[in-house]
Each structure stands twice: as C-alpha cells, then as structure tokens.
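Bear in mind the structure is a predicted one, so any value in this text is a computation, not a measurement.
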Amino acid sequence: MNALQIKKGSTKHSAYNLRPQFSDVQETHTLAVLVDNEAGVLARVIGLFSGRGYNIDSLTVAEVDHTGHLSRITVVTRGTPQVIEQIKAQLGRIIPVHEVHDLTTEGPSVERELALLKVSGDGDKRVEALRLADIFRANVVDSTLSSFVFEITGTPEKIDAFADLMRPLGLVEMARTGVAALARGIA
Amino acid sequence: MTRQMTGAKMVVQALRDQGVDTVFGYPGGAVLPIYDEIFQQNDIRHILVRHEQGAVHAAEGYARSTGKPGVALVTSGPGATNAVTGLTDALLDSIPIVVLSGQVPTFMIGTDGFQEADTVGITRPCTKHNWLVKDTNALPGILHQAFHVAKTGRPGPVLIDIPKDVQFASGTYAAPPKGSTYRYNPQVKGDMEEITELVAALETAKRPVFYTGGGVINSGPAASQLLRELVEATGAPITSTLMGLGAYPASGKNWLGMLGMHGLYEANMAMHDCDLMINIGARFDDRITGRIDAFSPNSKKAHIDIDPSSINKVIPVDIPIVGDVAHVLEDILKVWKARGRKTNREALSKWWAKIEEWKKVDCLSYKRSEGTIKPQYAMERLEALTKDRDRYITTEVGQHQMWAAQYLGFEAPNRWMTSGGLGTMGYGFPASIGVQMAHPDALVINVAGEASWLMNMQEMGTAVQFRLPVKQFILNNERLGMVRQWQELLHGERYSHSWSEALPDFVKLAEAFGAKGILCKDPADLDDAIMEMINHDGPVIFDCLVEKHENCFPMIPSGEPHNKMLLGDASTKDAIKEGGAVLV
Ligand SMILES: Cc1cc2nc3c(=O)[nH]c(=O)nc-3n(C[C@H](O)[C@H](O)[C@H](O)COP(=O)(O)OP(=O)(O)OC[C@H]3O[C@@H](n4cnc5c(N)ncnc54)[C@H](O)[C@@H]3O)c2cc1C
Ligand SMILES: Cc1ncc(C[n+]2csc(CCOP(=O)(O)OP(=O)(O)O)c2C)c(N)n1
C-alpha cells in the first residue's frame, strides 16, 4: 500500500473535534478514495454524490495497483465542514471502498491536473501563444500551420490562468483530466 | 470442501450452508434453474407469495423477528423491479435481507432482452451492496459474502443478480470461509476515552435521559439485556423511537414511552429539558428532532452508533462513540462499576418528580364512546387480551400504526415489526407472513388500516395456501386517516382524495380466499370478537369499524420543537405555521 503513496493515519475520529462542526463556511476539499476496481464502483461513488446532493468539482479515477486491482479516485468537493464529514463517512460505507483520505486536512499535499488546449490562429497571435506557452512550461504536442495543441500540467488555477490567456489568442477546444493529488512526505 | 456443481445448485447449497430455512419468492423464466433445484430438496422451505413486494416484506418480517437475514427470490425484469420498494424499506430500517434475482443470460445483457432490466443499476441506491455475477465460479464466494455484508455492521439489504447461463453452468463450490476473512468488518468496540467521558457525564448528570432506537434491536438480545441493566443501575428515564420498542420493557419502571412526532408528552418533554442525552442506536430522525435549532437546547449529547455517518449527520454531539450497542454498553457498565457506581441521586429524584408531573397530563387519554369503537379503545382491548401471549405485532402505515405504538406494550425485542423510515403502506401483511413462518406457534397480528391493507391484500392467498394463521386486525375508518388528519390540520379540512369508497366487504373477502372474516362495530362486542379471532386456528381478517374522523395525538406539528406538542383537538387550530407546512 505504501507504494501507492497513501497517507496512513486514523480517520476514525476524522476532524470531529478540530473544527466547528456546524459552521456555514463552504470549504473545498480534495479526497483520495481507494476502491476495488470492480464493475459499478464508480457508479456507486458518483451515485452517492448525486443522490445525497453533494458537489463534485473534479473527479479522476484510474487503477493504481494492477495486482491488487485497486483504483484511486480523487474527488474535489465543496461543502460546510459538516457536509464534508458526511461525505467522507458516506464514502466509507460503500463496501468496495478501502480507504478515504482527506488530503486537505491530513497535512500538506500536492495537486496536479493535465490539460490539452487547441489554439488556432496565425501571425502575431500564433507567436504570442507560443511565447506564453513557454512561460507556462506547456509543451506543444501537435502543430499545423495554423494551430497548436498544448499540453500543460499544474494546479487547476494555473491551467485556468493559461486558458484565460489563450482564449483571445484562438483557444478552440480544451480537455482536462481533473485533479490528481498526493500527500507530501515519505509516509 | 469443494465440489463441482451448477450455479443453481450452488444457490441452494449456499443457502443451506448459511443456515437459511425459508425463502420467500416468485418464479419466472430467469430463475427456473434455481426453482428446479428447490423442487429437488427438502431443507429449505419456499413460500410462494403473490407479489414480489410481498416476498421482500415477508423476508423483512422474518429477519426482524429472528435476528437472522431474510431471503427472497425473484425473477428478472418485473420480478426485480417489484422488489425495489421492499429493498428501500429494508435499507431505511437497517434490516438484513438477501434478495436473489434472475437475469437474462450474460450474452444477452444490454440487448433489451425479454424481461431484461438493469437490476444492479436500479437497486444500487436501495441496497447496502449488490452484485451482478458473470461467472459461475464467482457465485459461491459472492453468495457467502452477501450474507456477511447483510448482517455485519449496520445491517441492510443486499441483492445478487444471477444471469440464467450462470445458473446453468458448472463451477467449483466452496463452503463459507471459517472465521471472518472479509475486509468489510466495521469496528464494534467503542473508544474507551469517549466511553469514560460518557460515564463521567452520567455520574453527575442532573437530568439524564436514554434515547434508544432500532440499533439496540439490530445489535441483538444481549444489547437489550445490557440496556436494561444500565437503566436499572443508573436510575435514569428511558424513551425509545418507533424502531426500538421492546428493547426496554414497556412495564419497566423507568419507561417513558415512545418519543417523537406522535410520542408521549413525558418522553418529549424529558428530551427537551434534559441535561444529558444518551442516544443509543438511534439516528436523530426528523420525526424525533422536530425543529432542529430548538431540539433539546441545553443538553450534552452522547451518541452510540455503529455507522460513523449517523454521527453528526443531523445533530452535533459532544460524545461520539462509534461501535456496536452491546459491546459499548458492556464497556460503559464496566467502567461505571469500576468508578464506584456513582449517580447524582438527589438531582435524579427531582428530575423524576418533574417527569411524574408530565405523566399526570395523561397524554394518551381520549374521549370514550359507547356507540362507536374508538381506535384507541380497540388497541387497549387488543393489548389487554393478547399481552400475556407469545405475541408478535406487525403494522401497516398510518394512524393505526401510531396508535399501536402508543397503546401496545412490548416487553421484549424483535416482537414489533413496522415500516418506520420509508413508511411503506402494504408492509404489514406480508411482514406478518414472514414472522409467522419464523414462529409457527406464535400469535401474529398485523394492526392495519384498511387503505394500507388493500395494497398487498393478494397475500391472503399465501396465508391460506401455507396455513399461516396471521390475524389481520384492520382499524377501518374508511379514510386514508393519516392523510386526512394532515388535511384537517394543514389544508383547511379539504379532504382531497383521502377517503376510499367501494371498500370490499372484508368478511366476504376473507371467505372468498377460504379464510375467516369477523366484523365488529359495537364496542360492547369487541372483546368477544377479539377472542374469536385469537381462538380461530387460521388466518383471519378482522374488520373493526372505528370512529372515522379520530385524530392521532399527541402530535408535534412539523417545524415545531418538542415542547410545543398538541395534545388534543382543542389545541390544533392554526397550530401548524406556514414554514411547517412544507415539511412532511
Ligand atoms: C407515519 C409515521 C409516523 C412516525 N412517527 C414517529 C414518531 O412519532 N416517533 C418515532 O420515534 N418514530 C416515528 N416514525 C418512524 C421514523 O420515521 C423513523 O423510522 C424512526 O424514528 C427511526 O428510528 P431510529 O432512530 O431508532 O433509527 P433506525 O432507523 O432504527 O436506525 C438505527 C440506527 O442505529 C444504528 N445501528 C444499527 N445497528 C447498530 C448496532 N449493532 N450498534 C449500534 N448502532 C447500530 C444505525 O446505524 C442507525 O443509525 C414514524 C414513521 C411513520 C411512517
Ligand atoms: C405506499 C404509500 N403510499 C402513500 C403513503 C402516504 N400515506 C401515509 S399514511 C396514509 C394513509 C393510510 O391509510 P390507512 O392505511 O387506512 O391507515 P389510517 O391512517 O387510516 O390508520 C397514506 C396514504 C404511504 N405512506 N405509503
């Protein structure tokens, strides 16, 4: 399990006693959910969010342990502290869920997202797009005489900022993966 | 021990290995191989219901009255969709049941085949877990795991969808694993620090109250035993939700009666005024809390629940204890004894004095009548004439359900089966069949309203065919009484579609099914009629014509706190404010 870089630690009490439970403040949390990679498991997780009226800002899923057939779902969600606690507890009830980690409260973590952006145009705009891509460390993964496809990784905010800049320069299409996140440090 | 056998045979073998003696079901094309296996053995009894909803409710009744998982078997498509209400009911009331459904063969899935439905898709949100089995070799493991999931932790319904080719194909059968090898094993022991904190609070509390629920029943008979010990030892008053009745005996000296929307005045007042609330296996349902921001405003709250999602879901608590009721109560008692068995005696006697005052309100009193049978009177007489028997009660949903909860006394757990969370009209009759199957010699009575009862009346066929002497005690007000009561209180007495005309003659209906019918409309005849029902060796429909416009009190209007109870008709005018009217 350590190979999966999942932060160990008791979630039994989660953050019951740490934060005011019934505050109205909306918080954004990134949750890592380790599940059996079996048919329907994603539907169970998504159905939980829609059925109970929780928000999904971003969701990524892929098998991360091919021998144990475990998938890691990273979900970014929003809610009051009470709702966030409920979401974690409700996720924990799903039978194929092994672990639920709140990367937002369990210590520092890194978040990255990958995006592909198609920008079409010529002349100065094309040059400017390329120059900005360089500043953002975006790679050109496809080009024609009048278009580029840029690949960029970073925080969602960085990708938003890059997309905002590309919009006037001819952004025509964009694909994003959603956030993948890991706790920092060794354990 | 492993053996080669067909999937259909595996189903029957796994049921046997899981100790199942009864299956409630209804056949169809997609489960014929399983029915063929059922035909060729005698260990497992199959009860042919008349509608799959009935099979699931019967399995629920069986489960709730025995503590063992109930089992239902249905065909694909319409068989499975008919099971959905029962599954949802079991999910909301935490009842362990295993439903087996047939499915079109694997190679036809997704082709809109005959009687194909996406059963796992449809039942995903109304089961604790479900499986579509695509390989016969996986079937035994899934069957055993299904029983484990249904009864472990917070119990609930599970469903296994078995395509027909998987039933026909052969594979290797393995018996259930010895000991628990499953990853799914929620913690049962509570945190000792929290438990000690609770004991400390109990030692000094001036106005404690135990608020217990269905979780005590779920936890098993030992939990009820420990609860009784703890209540006697600490001398604190105890109330229970609808789902927890019988865990503490109604004749017990600390019993306050049921709490909540139609609960007793003393129970609700105690909840509102307490300084320490100890929730044991209850879930702060909205029928209990009333207006959240005015719910027991000055109390410290402890909550014992096996499901972490129940804690802080609705009401923030000060002492959360995740664990199984029996395990946690055992530790509480141990710690309490070790610390010198302390209670705040002086304060407790003042608290009881206050409670005695509330009891004097006599909130269950009602206007008696010589001419018509008051539903409350019918319940009082039923109680008087049956309480000393080996009795199990099921109910339908509505006013009669509340009157049964208020006027019948339960001395032991697992003797009261009712649809609380989903409030499913049509639950009680099939549930009574399930209970009677599990307890062939007991007196099983379904307290019903005529409207609810009609929803699954086809099960008369089942009762007669299998000689199940279930007593259908119908409080017939010729109204959808609970709906009518709300329309009276909330909608200006505009009784929109809350009465049923063209009701059947229930006596003739009973006779048409080959059962006995009894009609009673005079209070003077009631006792004799009830005795006739009890003494008849066979199913009975008892048509008890009661006062048509009786309201069920006490009642906490929606959107109001506990101390704003309505006690009788005089207090009801404009009692429900605009905000409350949107609540159910
Ligand atoms: C018309 C109508 C009117 C109603 N009016 C009332 C009313 O006046 N009063 C009332 O009380 N109810 C009433 N109800 C029922 C109400 O809707 C709820 O079903 C009921 O209050 C819930 O009971 P509970 O809190 O005991 O929870 P349950 O639904 O029984 O839940 C049990 C809780 O215990 C936990 N648990 C399960 N197993 C264990 C274990 N082994 N150890 C520890 N915890 C465990 C579960 O996680 C869950 O949180 C009414 C229903 C209807 C249909
Ligand atoms: C399946 C279903 N449909 C509708 C309701 C809404 N409902 C709750 S109580 C009730 C009336 C029940 O009437 P009856 O069974 O005659 O009992 P009474 O209230 O008269 O005692 C209705 C319609 C429900 N609970 N279940």
_Most contacts with chain B, counted as non-hydrogen pairs under 4.5 angstrom, among Gln86(A), Arg44(A), Glu38(A)_ = Arg44(A)
Kindly list each side-chain donor-acceptor pair under 3.5 angstrom involving residues 84-91 of chain B, sequence neighbours excluded, with atom names and distances?
| unit_1 | atom_1 | unit_2 | atom_2 | d |
| --- | --- | --- | --- | --- |
| Thr88(B) | OG1 | Val84(B) | O | 2.8 |
| Asp89(B) | OD1 | Ser419(B) | OG | 2.6 |
| Asp89(B) | OD1 | Thr424(B) | OG1 | 2.6 |

_Could you check whether atom CG of Asp122(A) has more than 12 heavy atoms from other residues, nucleotides or ligands sitting under 6.0 Å from it?_
no
*Gln82(A) to Lys313(B) - nearest heavy-atom pair and separation*: NE2-O, 2.6 Å
*Could you pull out the closest heavy-atom pair between Arg124(B) and Ala43(A), with the gap in Å?*
NH1-CB, 3.1 Å
*List the atom of Ile95(A), the atom of Gln145(B), and the distance in Å for their closest heavy-atom pair.*
CG2-NE2, 4.4 Å
*Using the test ring-ring contact (aromatic ring centres under 6.0 Å, His included), find all partners of His148(B) that sit at least two apart in sequence or belong to another chain.*
Tyr182(B)
*Among Ser309(B), Pro308(B), Pro186(B), side chain to side chain contact (heavy atoms under 4.5 Å, CB included) partner for Arg93(A)*: Ser309(B)
*If you draw a 6.0 Å radius around CG in Asp164(A), do more than 12 non-hydrogen atoms from other residues or ligands fall strictly inside?*
yes
*asked:* Would the distance check show the side chain of Glu85(A) and the main-chain N or O of Asn312(B) forming a donor-acceptor pair, the cut-off being under 3.5 Å?
replied: no
*Give me the contact list for residues 129-136 of chain A versus chain B, heavy atoms only, anything under 4.5 Å, ordered by residue number.*
none
*Interface residues of residues 125-138 of chain B facing chain A - non-hydrogen atoms under 4.5 Å apart*: Lys128(B), His129(B), Asn130(B)
_Over 12 non-hydrogen atoms of neighbours within 6.0 angstrom of CG in Asp124(A)_ = no
